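What you see is a predicted model; the values in this text were computed from it and never measured.
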Amino acid sequence: MKDIVGNVNRRAFLKAGAAVGGGVLASGMPLSQAIWAAEGKLLKARSYNDVSTFDPGFYSEYVGLDVANCVFSKLIRRKPGSEWRWELEAAEKIEQVDPTHIRFRLKKGIKFTGGYGELTANDVKFSFERVIKHKSAAAVDWGTLDRVEVEDDYTGVIVFKAPFVPAWIVSLPFGVGHIVSEDAVMKATGDGSSFGLKPPAFSGPYVLADFKKSQYVLLTRNPDWSGPKPGFDEIRIIVITDDKTAERAYQAGDIDFTRISLDSLATLKSNAPADTKIEEYPGLSYTWIGMNMEHPKLKDINVRKAIQWAINVPQILKVAYAGQAEVATGTIAPGIVGHRDKALVPPEGDLTKAKEFLEKAGVNELTLTIDCLNDSTYATVAQTVQAQLSQIGITVEVNAQDAGSFWTIGMESEGGRWKDMQLVVNNFSSQPDPYYYTSWFVKAQVGIWNWERFSSDRFDELNAKAITIEDPAERAKLYYEMQDLMEESGAYRFLTNGAWPVMYRSTHVQAATLPDGSPLFLNFMPV
């Protein structure tokens, strides 16, 4: 299993939504000037982050995949609804032959634009293997992939070195499962590497008609598409990174679908804009307080446990998340295999126990720093922790940073700042498989994304074994133990898996979302 991922792309991938006030309005151009006159059926939606690449094999944030889902094809795709399910897309048939082989047969007649011909099994092989060959940050999504064997133009076999259970819920229906034209990409790049923001050919119901970085993406119908007709003639995705700004744009009529902030949720629910439907979804991300186990001030496990027990999680969520987010029991979100019923340390903590741990450590007048993103939510989390730790005699200095600085703190490749990092408010995006919640904390990730420098042979053994087990109940037991090991180290205080409320104009659009509220624009329909 490939555990080490590229720094730059993963950094961008995780900082989605962190910037405030970006997009069209921040550029100084009125949003109304960015909206074209509607011709035919038009979907106007908001993207909460800028797109850094349209190449799904090298994706660095999820919003780029919102576009990829519309302009490229996959063997299977995710279905909207309240459960994580998939359905056939480019594949006419697909089956797990044995634990390490998946056979597929393609539908005939799927065409690439630009005269690049029909989508074939050779394109599937090229698309999947290039992710590994060129060491994409997204290669972790393919796990133990070895190769794709082509049997004929429409049939092939995906071969794994070892069983990889997440293939069906992550690899195939998500980012790296998209199929691109081998001929078009080789012509554009010369070696099959990332084509970045310039896709050379499309095979989906839409094509990328226009794009202006940090402002908008325009999709129009693909004239070469012979499949079912999509609901809208055009999809216009406006980049607005700040939730509050997006809420104002929605009320002005500039967009018809957007994510909303948790601190606005109660107000909007009680006084929703006209013809608006508000839906609430559980989050897949995970937010926690991490501690650098190798820092001299935090080497003693008793100090780390004192901090764990002094942190009152419900209090943090009430202040920073307006009481709209649920307490996390570990990294793994509710509804995902391996979600624990409860954490080892109770959510409210216990100041008496915290003080007892400090006494064991023989520590007095401890001063620490806590790093966080320069974002209102994370800054509030840090400030609340600062107040809570003061109750046991620990003084904390809050160090809020912009995304570019923050996402390099624990990386050895970016210099020696990791040595000075002490406490950190961290948040990772995730996927609906437990593999995505644990793989960043193995020993190979120390100094990359494992900023706590947590090191456990047992954890690594369980992480490698868990991806090979099909039975959910048996698989869950391994993830329970992995989260126990993280918490027992004293280096983690789990906070929340977040929430994802959205609102949309019910007179204009029938939205289609995944169980976490993520939009599937291809499935949106006009009213």
Side-chain angles (χ1 to χ4, degrees), residues 36 38-45 47 51 53-57 59 63-80 86-94 104-124 126-128 153-154 156 172-185 187-188 195 197-211 216-237 257 509-512 514 519-527:
W36 301 261
E39 297 178 2
K41 296 175 181 177
L42 167 66
L43 170 62
K44 297 179 293 182
S47 166
V51 178
T53 180
F54 290 117
D55 193 328
Y59 76 89
V63 292
L65 297 181
D66 292 340
V67 174
N69 288 335
C70 298
V71 301
F72 299 115
S73 301
K74 300 180 292 294
L75 294 175
I76 61 175
R77 65 184 179 190
R78 289 176 175 170
K79 294 181 67 173
W86 59 266
E87 60 187 353
L88 296 174
E89 188 172 56
E92 180 180 85
K93 182 180 180 181
I94 188 168
F104 64 88
R105 184 170 69 240
L106 292 169
K107 296 175 182 176
K108 296 181 179 180
I110 300 175
K111 300 285 188 180
F112 285 110
T113 57
Y116 285 104
E118 192 174 13
L119 188 155
T120 70
N122 282 319
D123 296 305
V124 176
F126 170 78
S127 300
F128 294 179
D153 284 349
Y154 302 102
L172 292 169
F174 191 56
V176 296
H178 286 86
I179 305 163
V180 295
S181 165
E182 178 178 12
D183 291 343
V185 173
K187 182 177 179 180
F195 52 72
L197 294 169
K198 297 180 179 180
F202 308 103
S203 64
Y206 291 95
V207 298
L208 177 63
D210 195 12
F211 162 66
Y216 62 82
V217 176
L218 172 62
L219 307 180
T220 58
R221 291 189 187 278
N222 180 359
D224 295 331
W225 176 251
S226 59
K229 186 178 180 181
F232 290 89
D233 297 315
E234 292 186 6
I235 299 176
R236 295 170 184 170
I237 304 172
F257 178 92
V509 61
Q510 181 179 333
L514 290 167
L520 289 175
F521 293 136
L522 195 59
N523 298 89
F524 277 46
M525 296 299 292
V527 174

Colleague: What closest approach, in Å, do A121 and L106 show between heavy atoms, and which atom pair accounts for it?
Modeller: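 Here A121 and L106 meet closest at N-CD1, 3.4 Å.
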Colleague: Among pairs that include at least one residue of residues 112-122, which meet salt bridge (Lys or Arg N to Asp or Glu O under 4.0 Å), considering only residues two or more places apart or in two chains?
Modeller: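 Not a single pair qualifies under salt bridge (Lys or Arg N to Asp or Glu O under 4.0 Å).
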Colleague: Do V124 and F104 make a side-chain contact, defined as non-hydrogen atoms from C-beta onward lying under 4.5 Å apart?
Modeller: yes
Colleague: Quick one: does any side-chain atom of D153 pair with a main-chain N or O of T120 as donor and acceptor, under 3.5 Å?
Modeller: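 Flag not set: sc D153 to bb T120 has no pair under 3.5 Å.
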Colleague: Give, for atom CD1 of I110 and atom OG of S73, the distance between the pair rounded to the nearest 0.5 Å.
Modeller: 5.0 Å
Colleague: Quick test of your reading of the model: are K41 and D233 salt-bridged, counting only N-O distances below 4.0 Å?
Modeller: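 Answer for the salt bridge query: no.
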Colleague: I need the T220 OG1 to R236 CZ distance, nearest 0.5 Å.
Modeller: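 With rounding to 0.5 Å, OG1 (T220) is 10.0 Å from CZ (R236).
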Colleague: What are the two closest non-hydrogen atoms of I179 and S203, and how far apart are they?
Modeller: O-OG, 4.3 Å
Colleague: For F126 and V185: C-alpha separation, side-chain torsions, deciding distance, then whether side-chain contact (heavy atoms from CB on, under 4.5 Å) applies.
Modeller: CA-CA 10 Å; F126 170 78; V185 173; 3.8 Å; yes
Colleague: Is the closest side-chain heavy-atom distance between K187 and Y116 below 4.5 Å?
Modeller: yes
Colleague: Any non-hydrogen side-chain atom of F72 less than 4.5 Å from a side-chain atom of L65?
Modeller: no
Colleague: Centroid-to-centroid, F521 to F232, below 6.0 Å?
Modeller: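 No; F232 has its ring centre 6.0 Å or more from that of F521.
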Colleague: Ignoring hydrogens, what is the shortest heavy-atom contact between G109 and S226? Give both atom names and the distance.
Modeller: O-OG, 3.7 Å
Colleague: Quick check: F211 with F54 (ring centres under 6.0 Å apart)?
Modeller: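 F54 vs F211: aromatic centres under 6.0 Å.
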Colleague: Counting heavy atoms not belonging to Q510, are there more than 12 under 6.0 Å from its CD?
Modeller: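 Counting other residues, nucleotides and ligands, CD of Q510 stays at 12 neighbours or fewer.
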Colleague: Give, for atom CZ of R105 and atom CD1 of I94, the distance between the pair rounded to the nearest 0.5 Å.
Modeller: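 These two atoms lie 11.5 Å from each other.
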Colleague: Measuring only between side-chain heavy atoms, which start at C-beta, is L88 closer than 4.5 Å to W86?
Modeller: yes
Colleague: For F112 and L119, what are the C-alpha separation, side-chain angles and deciding distance, and is it a side-chain contact (heavy atoms from CB on, under 4.5 Å)?
Modeller: CA-CA 7 Å; F112 285 110; L119 188 155; 3.8 Å; yes
Colleague: Check whether any side-chain heavy atom of Y206 lies under 4.5 Å from a side-chain heavy atom of V67, and answer yes or no.
Modeller: no
Colleague: Please lay out, stage by stage, how E92 and Y154 fare under the test side-chain contact (heavy atoms from CB on, under 4.5 Å).
Modeller: CA-CA 9 Å; E92 180 180 85; Y154 302 102; over 6 Å; no
Colleague: Between D123 (side chain only) and E182 (backbone N and O only), is there a donor and an acceptor less than 3.5 Å apart?
Modeller: yes
Colleague: With rounding to the nearest 0.5 Å, note down the distance linking CG in L514 to CZ in R78.
Modeller: 6.5 Å
Colleague: Considering non-hydrogen atoms only, spot the tightest contact between R77 and E89 and give its length.
Modeller: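 Closest approach of R77 to E89: CD-OE2, 3.3 Å.
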Colleague: Hey, could you give me the CG/NZ distance between L520 and K79, rounded to the nearest 0.5 Å?
Modeller: 12.0 Å
Colleague: Which heavy-atom pair separates V71 from F202 by the least distance, and what is that distance?
Modeller: O-CB, 3.4 Å
Colleague: Heavy atoms only: give me the nearest S127-V180 pair and the separation to one decimal.
Modeller: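 So the two residues come closest at OG-N, 2.8 Å.
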Colleague: Any non-hydrogen side-chain atom of I237 less than 4.5 Å from a side-chain atom of L43?
Modeller: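 Contact flag for I237/L43 side chains = no.
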Colleague: Look only at the side chain of D55 and the backbone of F195, and say whether a donor-acceptor pair between them is shorter than 3.5 Å.
Modeller: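 Pair found, side chain donor or acceptor close to backbone of F195.
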Colleague: Does a side chain donor of either K74 or N69 reach within less than 3.5 Å of an acceptor in the other side chain?
Modeller: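 Result is yes, a qualifying pair exists.
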